[in-house]
Amino acid sequence: TLAVAKFTGFVTEGEVERQKDALLTSLAIDGVEIDVPHASPVPHVIFQYNPPYTLPVLRRNEIGIPVRMTEDEEEEVVDSVKLSLEWAVANDGEEEKEAN
């Protein structure tokens with residue numbers, strides 16, 4: 001699972017470090033555990049969504065850091081997947097009725 005933060009501007013080495021530090025600080029404040037062995041460097045991934053000629057203020061970027069989910073969060077994900085499957089089955093049945 002990734003914790004992700006959005007930011008604008010150009011993706012430079014300095015900006016990535018600044019955004020990574022900000023995200024790590026936010027995660028620490030919220031008590032989120034990072035999914036990295038103790039004393040290992042924290043990996044990150046950068047997502048860039050705009051062509052290079054986009055104005056910096058309009059650029060959309062994201063930085064992601066791996067985090068561990070608690071058991072409660074894992075249960076919520078499982079429950080939401082089950083609910084999504086139930087909705088998909090219910091919607092399929094409605095579509096078949098409408099087709100007839």
Problem set entry | Intermediate values then yes/no, side-chain contact (heavy atoms from CB on, under 4.5 Å), F10 and R59 | CA-CA 7 Å; F10 288 114; R59 295 179 67 82; 3.9 Å; yes
Exercise. Should E62 and Q48 be marked as a side-chain contact (heavy atoms from CB on, under 4.5 Å) after you check the CA-CA gap, both sets of side-chain angles, and the distance that decides it?
Worked result: CA-CA 7 Å; E62 295 177 337; Q48 299 180 52; over 6 Å; no
For this session: Apply side-chain contact (heavy atoms from CB on, under 4.5 Å) to the pair K20 and I65, showing each step before the final yes or no.
Result: CA-CA 8 Å; K20 184 177 177 181; I65 295 175; 4.0 Å; yes
For this session: Could you walk me through whether T8 and L58 pass side-chain contact (heavy atoms from CB on, under 4.5 Å), step by step?
Result: CA-CA 7 Å; T8 59; L58 300 176; over 6 Å; no
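One distance of note links CZ of R60 with OG1 of T54; it measures 12.5 Å at 0.5 Å rounding. Interatomic distance, F7 CZ to I46 CD1, rounded to the nearest 0.5 Å: 4.5 Å.
When atom types are taken as modelled, the side chain of N61 and the backbone of G9 share a donor-acceptor pair closer than 3.5 angstrom.
If you run side-chain contact (heavy atoms from CB on, under 4.5 Å) between V67 and each of D35, L27, D30, only L27 comes through.
Taking a 4.5 Å side-chain heavy-atom cut-off between Ile, Leu, Val, Met, Phe, Trp and Tyr, the cluster of V4 extends to L2, V45, F47, Y49.
The nearest pair of heavy atoms linking P43 to P66 is O-CD, 3.5 Å. Closest non-hydrogen pair, L23 versus A5, comes out as CD1-CB, 4.1 Å.
One hydrophobic cluster holds both V36 and L24 under the rule that ILVMFWY side chains link at heavy-atom gaps under 4.5 Å.
Using a 4.5 Å heavy-atom threshold, the side chains of V16 and T12 count as separate.
Remark: E33 pairs with R68 by the salt bridge (Lys or Arg N to Asp or Glu O under 4.0 Å) rule, at least two apart or across chains.
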